[in-house]
Each structure stands twice: as structure tokens, then as C-alpha cells.
Number of protein chains: 2
Amino acid sequence: MPKRENISMSVIRRLPRYYRFLNQLKRDGVTRISSTELSGKLGLTASQIRQDLNCFGGFGQQGYGYIVEQLAAEIGHILGVEHNYRTVLFGAGNLGRAIAAHMNFEQLGFELIGIFDDAPQKIGTVIRGMEVLNTACFENFCKEKKPEMAVLCIPRTAVEATVDRLYPLGIHNYWNFSHYDINMKYPNAVVENVHLNDSLLTLCYCISNAPEAQKPQKVQI
Amino acid sequence: MPKRENISMSVIRRLPRYYRFLNQLKRDGVTRISSTELSGKLGLTASQIRQDLNCFGGFGQQGYGYIVEQLAAEIGHILGVEHNYRTVLFGAGNLGRAIAAHMNFEQLGFELIGIFDDAPQKIGTVIRGMEVLNTACFENFCKEKKPEMAVLCIPRTAVEATVDRLYPLGIHNYWNFSHYDINMKYPNAVVENVHLNDSLLTLCYCISNAPEAQKPQKVQI
DNA sequence: TAGATTGTTAATCGATTAACAATC
DNA sequence: TAGATTGTTAATCGATTAACAATC
């Protein structure tokens with residue numbers, strides 16, 4: 001794959017979805033698929049799928065289509081799922097515990113190597129067989145384990161101080177569940193935000209402004 | 001606000017962010033703001049902000065700007081935060097418990113009125129002062145409480161059957177944490193997806209493809 | 001070979017930005 | 001009134017779709 005420059009975010013955000021569907025097809029025993037078939041399953045145009053894939057290289061065969069297993073592997077490689085970036089999680093509250101327990105980090109390019117909190121009642125508790133460590137010990141942990149990414153499940157108010165501490169330790173990549181905007185202060189940090197509040201408000205808008213036919217008040221049980 | 005038709009998703013997805021920033025300004029005691037000032041804080045162009053707001057009406061005063069409190073209220077109203085849609089949550093696993101405990105549903109247009117699971121060891125446990133109920137009892141619950149939205153924190157494999165059950169009961173709105181695509185079978189359902197796996201994979205791509213200067217291997221502790 | 005389907009270029013569509021007249 | 005800033009129209013930019021030649 002020689003091209004790959006200035007790929008737009010629109011394209012990038014579709015890749016995980018392609019990857020997911022292709023892996024499902026693989027599990028279902030499908031060996032070969034055309035862009036038209038795939039477009040039906042994904043609800044996109046065949047043209048868009050071909051355009052997207054050709055940002056990274058020509059993975060298909062003219063007149064034949066794409067080999068499912070090969071294409072899945074290519075996209076996995078493009079995403080970088082083989083990297084297993086060493087990851088720490090900050091905040092062992094409800095959300096942090098859920099994320100630690102729920103996510104298959106290993107299949108998604110990361111390896112969870114430590115969970116940190118500063119509340120005494122949380123330190124020492126176990127999540128997914130991993131003991132929650134005291135945030136105070138992070139510098140020592142860091143020297144030995146050299147984490148590359150941090151998941152932030154801490155309150156908005158605590159994020160700035162935490163990033164001020166992690167960034168100089170070489171942790172420049174963040175999966176951020178707070179609404180604090182890390183890139184304001186650290187424009188070079190690589191940040192993926194999960195804004196659950198915004199997502200819920202978007203749903204609220206869509207419900208409130210759905211065509212009349214779908215309005216809840218019209219519904220009968 | 002007379003206009004409001006065919007608002008693009010791009011605009012809608014920016015509204016929660018405007019709402020969030022305006023509420024913060026309100027808390028900070030700011031009474032007045034211009035589109036230019038706001039654009040600086042949000043990292044958007046002033047033009048875009050004015051365009052976005054004018055999809056819904058003219059909320060500013062020429063030569064003066066926008067009154068923070070008033071604009072926040074207007075956007076809240078556009079989003080529909082006052083609706084308090086009656087909400088049930090399915091799946092009291094790690095993620096479901098975290099979402100139930102973590103989200104301020106009341107401030108975001110929803111009211112959580114029930115949590116359901118079918119695992120005996122979960123039924124009867126308490127989350128946020130609310131007892132987890134047996135999924136088997138849902139029809140009865142529904143007759144009395146008439147829920148309008150469902151949060152789905154159940155495994156992908158269980159979603160289809162659950163929606164098959166909920167949709168005919170009049171629940172057409174979903175906050176979906178699984179990767180099952182509800183709109184395939186129910187095109188009229190109003191669905192907001194939270195795809196945590198896709199988000200993490202996107203981060204993986206961004207880390208793997210960041211400019212050399214940011215690559216983790218170059219970092220010194 | 002004929003049929004199918006890609007890779008890629010060109011056309012269209014939509015979203016963002018710029019400009020400026022209206023007006024507070 | 002003069003200065004500022006909106007609301008809105010026009011220009012630009014980017015993303016999606018359509019078309020088709022290349023080729024398996």
C-alpha cells in the first residue's frame with residue numbers, strides 16, 4: 001500500500017465498520033465478495049467502498065471482487081490492530097471498571113497493562129484479574145512498563161492535571177471519556193473522544209424532531 | 001423558530017457541543033458572546049456557528065452578539081432536553097451498570113424508570129437506588145409505565161430478539177451500545193449508536209498513522 | 001472469449017467558508 | 001451617529017456518486 005496520505009476522517013471512520021463486517025463474513029465462511037454485495041450489507045454505495053479502499057491500495061481483482069480474508073487482513077493492518085499498544089486506564093469508577101471489563105483491547109490494537117485510581121477504597125480492588133494501583137505510583141510503573149496510551153475515565157475536572165502529568169512521561173495518545181478538550185493545550189496529542197452526553201443529546205434531538213408518524217404520543221400499546 | 005427542515009446531521013451533531021459550552025459560559029457568569037469569541041473556544045469558524053444557529057432561527061442581535069443564557073435555553077429547547085422521555089435500560093452487566101450509574105439522564109432529556117436483565121444473579125441487585133427487574137416482567141411494566149426509549153447494553157446476539165419484543169410495544173427509540181444494526185430490520189426506529197470498538201480502532205489507526213514526530217518509539221521518559 | 005467487477009477519472013452534490021448588506 | 005456583529009447570499013472546498021476504460 002503505497003498511497004496513504006491525507007486520508008480524510010470520513011474514510012478513516014468507515015474502516016472499523018468494514019473490518020467488523022469482513023470479519024463477520026469470514027466467520028460465516030464467505031470467501032469472496034464484490035463491492036456491490038458489500039454495499040448492500042453496509043448501506044453504502046459500491047462506489048464509495050471502492051473509493052475508500054483505493055485510498056490504501058488495490059485490494060481487489062477486476063472481474064472477481066475481493067477475497068474476504070485477505071481484505072480483512074489488509075484493513076486490520078491499515079488500522080494497526082497488530083500493534084498492541086501498551087495501555088493504562090485512569091479512573092476505576094463505574095465507567096472505568098466497565099470499560100476495563102468490557103472491551104476486548106487485545107483484538108483492537110491495545111493491551112491493558114494497568115488500572116489507576118487515587119481513591120483508597122478503590123486501590124487494591126480487582127478488575128478483570130488486575131489490581132487497581134495507586135496513581136501515586138504511576139511514575140515508577142511508567143519507567144518499567146512504558147505505556148503508550150491512556151484511557152481517561154476520570155471526572156472532567158481531573159483531566160487537565162492528569163494529562164499534565166502523563167504527557168511529559170511520553171504518553172501522547174488518549175481515549176478520552178471526559179468532555180475536557182485535551183487538544184487545546186496539547187495540539188499534538190492523538191485523542192479519540194467518546195462523548196456519551198453528546199450522543200444522548202443527539203438522540204434526544206432525533207426523537208424530538210422525528211417525523212410525526214414516529215412520535216411516541218401516537219404509539220399504542 | 002419557524003425554519004427547521006432537512007437539518008443535516010453535521011449540524012445536529014454540533015448542537016450538543018454548543019449547548020455544553022454555553023452552559024459552561026453561563027456558569028462562569030458570561031452574559032454575552034459573539035460568534036467570533038465562541039468560534040475561538042470551539043475551534044470552529046464564526047461563519048459556521050452563525051450558519052448552524054440560523055437553521056433554527058435568529059437568536060442573536062446585530063451589532064451585539066448572543067445572550068448566553070438565552071441561547072443556551074434556545075438550543076436546549078431545540079434538542080428537547082425538557083421532554084424527559086421515559087427510559088428503560090436492558091442489560092445490567094458491566095456496561096449497563098456503568099451507564100445507569102454514570103449518566104445524568106435527567107439533564108439530557110431522559111428519565112430512567114427501569115433496569116432489566118434476565119440473569120437471576122443480577123435480578124434484584126440495586127443500581128443507583130433502582131432494583132434490577134426480570135425481563136420476563138417487561139410487558140406488565142410497560143402497560144403501566146409506557147417507556148419511550150430503551151438503552152441497549154446487551155450482547156449483540158440478544159439485540160434482535162429484544163427489539164422484536166420492544167418495537168411492537170411502542171418503543172421505537174434506542175440508544176444502542178451493540179453493533180447490531182437495528183435500522184436494517186426497523187428502518188423507522190430512531191437509533192443512536194455508541195460503537196466503542198469502532199472508536200478504539202479509529203484511535204488505533206490515528207496512533208499508527210500519526211506523523212513521525214509523535215510516534216511512540218521516538219518518545220523518551 | 002464474454003462477462004463481471006475493479007480502479008480511477010469526471011460530474012454532482014452538500015457542507016464549509018467568505019463576503020457583505022442589514023441593523024442593533 | 002459610528003462601530004460592531006448578525007443573518008444571509010455567494011464562492012469555495014471536499015466528499016460522494018456516476019461512469020467507464022482497464023483487466024481478470
Side-chain angles (χ1 to χ4, degrees), chain A residues 1-18 21-22 25 30-75 78 202 205, chain B residues 1-18 21-22 25 30-75 78 202 205:
Chain A
M1 76 226 53
K3 316 181 181 187
R4 197 190 305 207
E5 235 172 276
N6 290 85
I7 310 290
S8 81
M9 252 314 181
S10 318
V11 174
I12 294 166
R13 293 211 173 271
R14 281 191 291 269
L15 294 179
R17 195 137 170 277
Y18 293 153
F21 272 72
L22 286 163
L25 285 168
V30 180
T31 54
R32 181 203 150 260
I33 196 159
S34 71
S35 58
T36 309
E37 285 175 280
L38 199 53
S39 75
K41 291 186 185 295
L42 286 160
L44 304 171
T45 63
S47 211
Q48 182 167 57
I49 293 173
R50 292 204 302 276
Q51 284 273 29
D52 284 353
L53 297 177
N54 280 102
C55 292
F56 302 97
F59 303 130
Q61 277 173 252
Q62 274 149 329
Y64 178 83
Y66 300 88
I67 295 164
V68 171
E69 185 156 1
Q70 186 197 305
L71 187 56
E74 290 285 4
I75 296 180
I78 291 163
T202 302
Y205 175 92
Chain B
M1 73 230 50
K3 314 180 181 188
R4 196 192 302 208
E5 234 171 275
N6 291 85
I7 310 291
S8 82
M9 252 318 185
S10 317
V11 175
I12 295 166
R13 293 212 172 270
R14 281 190 293 270
L15 293 179
R17 195 137 169 276
Y18 293 154
F21 273 72
L22 286 164
L25 286 169
V30 179
T31 54
R32 182 203 150 259
I33 196 158
S34 72
S35 59
T36 309
E37 285 176 280
L38 198 54
S39 76
K41 290 186 187 295
L42 286 159
L44 304 172
T45 63
S47 210
Q48 183 167 57
I49 293 173
R50 292 205 301 278
Q51 284 273 29
D52 284 355
L53 297 177
N54 281 103
C55 292
F56 302 98
F59 303 130
Q61 278 173 252
Q62 274 151 332
Y64 178 83
Y66 300 87
I67 295 165
V68 171
E69 185 157 358
Q70 187 197 304
L71 187 57
E74 289 284 5
I75 296 180
I78 290 162
T202 302
Y205 176 93

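Fair warning: this is a prediction, and the values are worked out from it, not measured in the lab.
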Rounded to whole Å, how long is the line connecting atom [atom1] of [X] with atom [atom2] of [N]?
X: Q48(B); N: dT6(D); atom1: CD; atom2: P; result: 15 Å
X: L44(B); N: dA18(C); atom1: CG; atom2: P; result: 13 Å
X: Q51(B); N: dC20(C); atom1: CD; atom2: P; result: 16 Å
X: I49(B); N: dG7(D); atom1: CD1; atom2: C1'; result: 14 Å
X: I67(B); N: dA4(D); atom1: CD1; atom2: P; result: 19 Å
X: N54(A); N: dA22(D); atom1: CG; atom2: P; result: 16 Å
X: F59(B); N: dT8(D); atom1: CZ; atom2: P; result: 12 Å
X: L71(A); N: dT6(C); atom1: CG; atom2: C1'; result: 12 Å

**Message:** Counting only heavy atoms not in Q70(B) (residues, nucleotides, ligands), do more than 12 fall under 6.0 Å from its CD?
**Reply:** yes
**Request:** May I ask you to evaluate whether R14(B) reaches the phosphate of dT16(C), defined as a side-chain N or O under 4.0 Å from OP1 or OP2?
**Result:** yes
**Request:** Using only side-chain N and O atoms of R50(B), determine if any of them is under 4.0 Å from OP1 or OP2 of dG7(D).
**Result:** no
**Nearest-nucleotide 5' precedence on DNA chain D, I33(B) against S8(A)** = I33(B)
Student check: side-chain heavy atoms of [X] and [Y] closer than 4.5 Å:
X: I49(B); Y: Y18(B); value: yes
X: Q61(B); Y: R32(B); value: no
X: K41(A); Y: F21(A); value: yes

Partner nucleotide, any strand, of [N] [Watson-Crick/G-U, under 3.5 Å]:
N: dC24(D); value: dG3(C)
N: dG14(D); value: dC13(C)
N: dT8(C); value: dA19(D)

**Request:** Decide yes or no on side-chain contact (heavy atoms from CB on, under 4.5 Å) for R50(A) and Y66(A), but give the supporting numbers first.
**Result:** CA-CA 10 Å; R50(A) 292 204 302 276; Y66(A) 300 88; 3.7 Å; yes
**Request:** Measure from the side-chain heavy atoms of Q62(B) and tell me the nearest of dA22(D), dT5(D), dA15(D).
**Result:**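 Closest nucleotide to the Q62(B) side chain: dT5(D).
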Contact class for [X] (heavy atom, under 4.0 Å): base, sugar-phosphate, or nothing?
X: S34(B); result: sugar-phosphate
X: T45(B); result: sugar-phosphate
X: T36(A); result: nothing

**DNA chain C: 5'-proximal contact among Y66(A) and V11(B) (nearest heavy atom)** =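 Final value for this comparison: Y66(A).
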**Prompt:** Closest nucleotide of DNA chain C for S47(A) versus for Y64(A): which of these residues is on the 5' side?
**Reply:**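 Looking at the nearest nucleotide for each, Y64(A) comes out on the 5' side.
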